[in-house]
Amino acid sequence: MTVQELPGAAAYRPTPPPAWKPLTDPAPLLPDPEPYRVLGTDAAGDADPGLLLRLYAELVRGRRYNAQATALTKQGRLAVYPSSTGQEACETAAALVLEDQDWLFPSYRDTLAAVARGLDPVEALTLLRGDRHSGYDPREHRIAPLCTPLATQLPHAVGLAHAARLRGDDVVALAMVGDGGTSEGDFHEALNFAAVWRAPVVFFVQNNGFAISVPLAKQTAAPSLAHKAVGYGMPGRLVDGNDAVAVHQVLGEAVARARSGGGPTLVEAVTYRMDAHTNADDATRYRTDSEVEAWRAHDPIQLLERELAGRGLLDDGVREEARASAERMAAALRERMNADPVLDPMDLFAHVYAEQTTQLREQAALLRAESEVEQDQRHDQQDRDGTEEGR
Amino acid sequence: MTVQELPGAAAYRPTPPPAWKPLTDPAPLLPDPEPYRVLGTDAAGDADPGLLLRLYAELVRGRRYNAQATALTKQGRLAVYPSSTGQEACETAAALVLEDQDWLFPSYRDTLAAVARGLDPVEALTLLRGDRHSGYDPREHRIAPLCTPLATQLPHAVGLAHAARLRGDDVVALAMVGDGGTSEGDFHEALNFAAVWRAPVVFFVQNNGFAISVPLAKQTAAPSLAHKAVGYGMPGRLVDGNDAVAVHQVLGEAVARARSGGGPTLVEAVTYRMDAHTNADDATRYRTDSEVEAWRAHDPIQLLERELAGRGLLDDGVREEARASAERMAAALRERMNADPVLDPMDLFAHVYAEQTTQLREQAALLRAESEVEQDQRHDQQDRDGTEEGR
Amino acid sequence: MTTAAAPAGERTAKTRPATMAQALGRALRDSMAEDPTVHVLGEDVGTLGGVFRITDGLAKEFGDDRCTDTPLAEAGILGTAVGMAMYGLRPVVEMQFDAFAYPALEQLISHVAKMRNRTGGAMPLPITVRVPYGGGIGGVEHHSDSSEAYYMATPGLHVVTPATVEDAYGLLRASIASDDPVVFMEPKRLYWSKADWSPDAPAAVEPIGRAVVRRRGRSATLITYGPSLPVCMEAAEAAVEEGWDLEVVDLRSLVPFDDETVGASVRRTGRAVVVHESSGFGGPGGEIAARVTERCFHHLEAPVLRVAGFDIPYPPPMQERHHLPGVDRVLDAVARLQWEAES
Amino acid sequence: MTTAAAPAGERTAKTRPATMAQALGRALRDSMAEDPTVHVLGEDVGTLGGVFRITDGLAKEFGDDRCTDTPLAEAGILGTAVGMAMYGLRPVVEMQFDAFAYPALEQLISHVAKMRNRTGGAMPLPITVRVPYGGGIGGVEHHSDSSEAYYMATPGLHVVTPATVEDAYGLLRASIASDDPVVFMEPKRLYWSKADWSPDAPAAVEPIGRAVVRRRGRSATLITYGPSLPVCMEAAEAAVEEGWDLEVVDLRSLVPFDDETVGASVRRTGRAVVVHESSGFGGPGGEIAARVTERCFHHLEAPVLRVAGFDIPYPPPMQERHHLPGVDRVLDAVARLQWEAES
Ligand SMILES: Cc1ncc(C[n+]2csc(CCOP(=O)(O)OP(=O)(O)O)c2C)c(N)n1
Ligand SMILES: Cc1ncc(C[n+]2csc(CCOP(=O)(O)OP(=O)(O)O)c2C)c(N)n1
Ligand SMILES: [Mg+2]
Ligand SMILES: [Mg+2]
């Protein structure tokens, strides 16, 4: 049976109106009117303590990771850092719901999701340090390169998931995008392809309220971003993005649905970016302190702590262990990022094509000659300096 | 009050979840589960006889126009013709619902809508004849150039409507697109901009079942194309595209809504293309005769005739007058298209920029010189021919 | 340097007339048959076999999953192809017409061209993007663009274009086999050009990147590709009457560029004209003329001239003959190569 | 031919140091104040004033409807700008970074560039598309592209780029005033370059399309634009030590191209090097070198050489200095201009 023949992508032809039948019933596609929540509700009691503790450790670690990376920009060790402080529940849950063989498609903001999935933080940050474009082998980690051109990674996720499915492999792709990114044409085309092909993809929108300075009200007039799902014939889910348990559950269900052949899901997590867009941005230009403070009261770590405390799962040992593990990660990261990366200018030409063209060989030779001259001059200078010092 | 401040595009910010409020109630945005119909229902009795007769005359004329244009391709008088036979109800209604100051944004298939709006058929067909790109001044007729790159005209319609609104002018833009065109990113971006800006636009999708050979089931998995409206926060309407009265009413309501500041609407008309994609296409490769026949039984002209007959409005005189008027139009069109257009090669350079660049002047001089040589040779040849004949 | 293939008569398998369209279809078929990771996707490529019928029969032979009618969205097509290639497939994307590839330019420039580089070689993208290009088929606006300049200006892409039936087969096979992305530009108006060709003993698949001398000559070199090759060949024949013995080089690959073959020819003839349909200003001819001049300056008797489409949007069908570089315009350029300097 | 503007001292109004970013902002402001049909739109151009702060204060002064934060979709921004221009407005679109203009390429190529032509002159589109371009600012991938080759290869567009504070003002004013679409390319790394400049008596708005000689010299001509002008000026100073007196031409407008100014210079000096950041292959330099050679062949002592970015995707920030044409690379090229032939 070919993918096109699978149930669901069936024979929707607008046959004469008397026989007109919609392809799918829209009702199940519609998201709930309120973001789904677990923490602070009765359902929280059913949550597995192991999961809660795992999430807690990850969130604390994630928060520390964000702080450390931001600090590295101040020390000139990163060219730029788009922090996900405040969004750790989303970042972490996205990583945890995936199996080893699944693929993650992160945006520039989602280094934390990659790290939570097990990627070495230094490799995750290489792009933002500025020594090379991607610090890791995407195939080794099943993590696509961090994507900067907005929403362009979404069709990639669809294609990859579709390819895996055609080959009979059990692979789900989870693709992350921001609220602003949903306005791009690529968002539309990716979701449409996914639904038509019933590709095993989860589209995960972190609605953090802003695209740089532009608030959501200037981005969409939709009831919610999750409502966009209806127009593609896939279910839309709306979830409180600061409720790690809820995000984990909703994403988990979407992944399971994709894995079992049910097709794609669009998940919108309502969250908030506590820091500026990047270290280079000045958030006071477009939002008020009081808005930020209101969100601080809905902090993902605090929400989880409250639940853990209520269930007697949060003693000083747990807190301390989470804190210490986070500090160890931060210290190691700090130290390793302190070293200057050793770079070979010849890398510029190494991976443009499988085989270097004549033209690139000529250009590489030019640069090599220049570098040699430069090096000679440096050596001469050192010799001179040495002589001078020797005097 | 600026456009951004208008009610509706209000302060949707994902403030902390306890206060989360969807921007709009999705329920009113959802289209009916069945295409809206008037003809053959009780509501038909309320339809204005004048409108019914007007539509009837237009449909008959439109059908004849399609036949004539198709015939012109066979005679080599048109480079290509994408027929709207079977879709005359949509084409006609789109034209009739607009006021003089409103704008129509047609696709390549919608020359009939332009003609029904009053454009000279020869001007409407100039692009497809192949002598120039646009046969008319868009501003004079408030008809944008026929658009070939799919869905690219939709953001134009939004921008124009938005501009008119900013200037306080009473202008609605109606933009036409096919079912296939809804898959393009430009469709998405246009609808989103329109909803955020509350631009006075009507998006009119003629779902004729195919994008060339590709059936709708390979184009979308949505309940209907009208359901896409929800994701933009605008109402979606589904209508029987072969029911001229229903299309006229639904589009009329959408135009009125736009005119009164209510914002955009997405209208999907379910219809069928009776001819091949264009004269160059072979429709038997991808659809069955029986499907075509099933739709013939739901012909827009027949549906209207049945209603007219039932209400005693269709006597031989009415029929004959409609037929004769259509024949007059066809005969005039045939005759005028029989003349070879007179073309000046220098036109190639006339309208690239407001002022010709040095480079274009040089190139124009080159072509002029070539043309003169050619002409001299032609004259020499004629002289020789003349001399020979003279013998 | 590569010269034209041996005459058809010397081949073992029987040849018969075939069109370029047929050769392209056959190349797709053979690639798919040999390599199960080759997938064809695009608009109308399945049931219909493509508007130019290049993919005719593929869906039937290999199934809808190997030759897939996609939703109508070029960025989506190329974007999903990127994902498929990331997973190890070898997608061949059909763009329906040149101008309809533009929605996919972001994916092409920002991802297809850069992915190998971005990932330090870890993730090459063996994608072939087939773009029917050029005019001369009486198409209305947006159906006759020559967009190769955009692709040439994008490092990371190969840009290949056949001008003969045989090359249509060989170069498309090679492009699909390439581990790098190839924009494969098909000259629309040569789709129905015919040649004696044996699909059963097709020419050895040559590596892409080699130009070929289609006609030997000593007076000047015409450097061309794709739809302009037949024009140049005809011009070269006509030039004999004027006393010019023109060499004709068919580039076949714009990227990588075969400096060796082109340079050797120009150094021999001392004069050159670049001929293409694409607009002159900012078009491929500028690059070609500039690099030939850099390499052969002291062999040149005259500046390298260019014969190209005008710097205008492609004209309506009834006017296109004025725009397209024809034999006369090529000969006029040859005449301007300062022949008096020779005597 | 236009030469450099009179020294600042000769002006009436008082000058003070201003950055290119400020001059651009001032040009927008003055255009909006003078002409109520001028509208600015783009991502973050309103409240934030743009990521480079070029539009700072415009929303406040003219309201959200004149300076509008759009949804995040470049094709949508340019596409709606087309519609606005159809209705008689004069939109100025900001693309946030060069590479993020790519989603809008279809609208640009198929509509913006062609609309006047398609409608036989009835519907010109006076749209200015501002594209911050080039590297040297330590940006991570996709933030340092030089995409001018794409625009140059698209007939119907003007392509303008300032290299000085004064031109930033004058050329942007002229571009907005133009009845044709202009791709206005802003050299990112010169945003913070300073010059004494009087915003109150700004230079007369010159017609676009004129190059300017920034430095007179007799040995050879450096032909350049935008971000590479300061490099060339510095190289020219350094060249004095080597005994070369270099002329520097700032193109300012790539389309239309000022053949007159460039040709006159090269005919005088007999040697030329084209310098730009954009990749060499298929980049602007090919066109420039080719047309200079066509026009000045017998005045040339050596081939026109090119110094350009390598034919690679823009490298990561820590490597960009190797990629960018610097003073040494320019001087090396000048040294290759076959000086021995002179003696
Ligand atoms: C195609 C494209 N356009 C513009 C940009 C510049 N840009 C980078 S981030 C950003 C805002 C994105 O907002 P959102 O999608 O909500 O993600 P967030 O940054 O909030 O995580 C913009 C406009 C880009 N990276 N890609
Ligand atoms: C951007 C773009 N891609 C591809 C095409 C080629 N093309 C022309 S018509 C067509 C099918 C359009 O189908 P639909 O939108 O349903 O409109 P219909 O022809 O049925 O009226 C295609 C693929 C195009 N014109 N523009
Ligand atoms: Mg956001
Ligand atoms: Mg259709």
Side-chain angles (χ1 to χ4, degrees), chain C residues 74-75 99-110 113-114 117-118 141-142 145 147-156 159 254-255 257 274 278-291 293-298 300 302-306 309-315 338, chain D residues 74-75 99-110 113-114 117-118 141-142 145 147-156 159 254-255 257 274 278-291 293-298 300 302-306 309-315 338:
Chain C
E74 293 79 9
F100 308 145
Y102 301 153
L105 280 174
E106 183 191 25
Q107 285 288 342
L108 193 79
I109 300 169
S110 291
K114 296 191 169 84
N117 186 261
R118 294 171 68 203
E141 57 170 2
H142 308 292
D145 282 18
S147 46
E148 56 269 36
Y150 303 133
Y151 306 123
M152 284 175 71
T154 308
V159 184
L254 297 171
V255 184
F257 191 87
V274 186
S278 167
S279 286
F281 192 89
E287 176 60 41
I288 298 168
R291 58 193 309 112
T293 306
E294 283 161 12
R295 284 162 174 73
C296 313
F297 186 68
H298 291 293
L300 286 174
V304 178
L305 297 182
R306 293 180 282 167
F310 296 126
D311 300 333
I312 60 172
Y314 198 89
Q338 306 176 1
Chain D
E74 293 77 9
F100 308 145
Y102 300 152
L105 280 174
E106 183 191 24
Q107 284 289 343
L108 192 80
I109 300 169
S110 291
K114 296 192 169 86
N117 185 261
R118 293 171 69 203
E141 59 170 0
H142 307 293
D145 282 19
S147 46
E148 57 269 34
Y150 303 133
Y151 306 123
M152 284 175 71
T154 307
V159 184
L254 297 171
V255 184
F257 191 87
V274 187
S278 166
S279 286
F281 191 91
E287 176 61 41
I288 298 168
R291 59 191 309 113
T293 307
E294 284 161 10
R295 283 162 174 72
C296 313
F297 187 68
H298 291 294
L300 287 173
V304 178
L305 297 183
R306 292 180 282 167
F310 296 126
D311 300 333
I312 61 173
Y314 198 90
Q338 307 178 0

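Residue numbers begin at 1 in each chain, while the letters A, B, ... track the order of the sequences. Basis for what follows: all heavy atoms, side chains included, without hydrogens, waters or symmetry-related copies.
For the residue pair D:Glu287 and C:Gly283, the shortest heavy atom distance occurs at OE1-N, 4.1 Å. Heavy-atom minimum distance, D:Pro155 versus C:Ser279: CG-OG, 3.4 Å.
Using a 4.5 Å cut-off between heavy atoms, D:Pro284 does not touch chain C at all. The parts of D:Arg291 that come within reach of chain C are both its backbone and its side chain, each placing non-hydrogen atoms under 4.5 angstrom from that chain. Both the backbone and the side chain of D:Leu300 come within contact range of chain C, each with at least one heavy atom under 4.5 Å from a heavy atom of that chain. C:Ser147 does not touch chain D: none of its heavy atoms, backbone or side chain, sits under 4.5 Å away. Interface residue D:Thr293: backbone and side-chain heavy atoms are both found under 4.5 Å from chain C. D:Ser278 does not touch chain C: none of its heavy atoms, backbone or side chain, sits under 4.5 Å away.
Note on C:Met152, C:Arg295, C:Glu294: by heavy-atom pairs under 4.5 Å with chain D, the leading option is C:Glu294. Comparing C:Ala149, C:Ala113, C:Ala289, C:Ala153 by heavy-atom pairs within less than 4.5 Å of chain D, the highest count is held by C:Ala153. Your options are D:Ala302, D:Ala75, D:Gly156, and the one with the most heavy-atom pairs under 4.5 Å with chain C is D:Ala302.
C:His142 is listed as a side-chain neighbour of D:Ser110, based on a closest heavy-atom distance under 4.5 Å. At a threshold of 4.5 Å between non-hydrogen side-chain atoms, the residues D:Ile109 and C:Leu105 count as touching. C:Lys114 is not listed as a side-chain neighbour of D:Glu141, based on a closest heavy-atom distance of 4.5 Å or more.
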Tell me, with the steps shown, if C:Glu106 and D:Glu74 meet side-chain contact (heavy atoms from CB on, under 4.5 Å). CA-CA 11 Å; C:Glu106 183 191 25; D:Glu74 293 77 9; 5.8 Å; no

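Below 30°, between 30° and 60°, or above 60°: for C:Phe281 and D:Phe257 the angle between ring planes is between 30° and 60°, a tilted geometry.
The distance from the OH atom of D:Tyr102 to the OH atom of C:Tyr102 is 16.0 Å, given to the nearest 0.5 Å.
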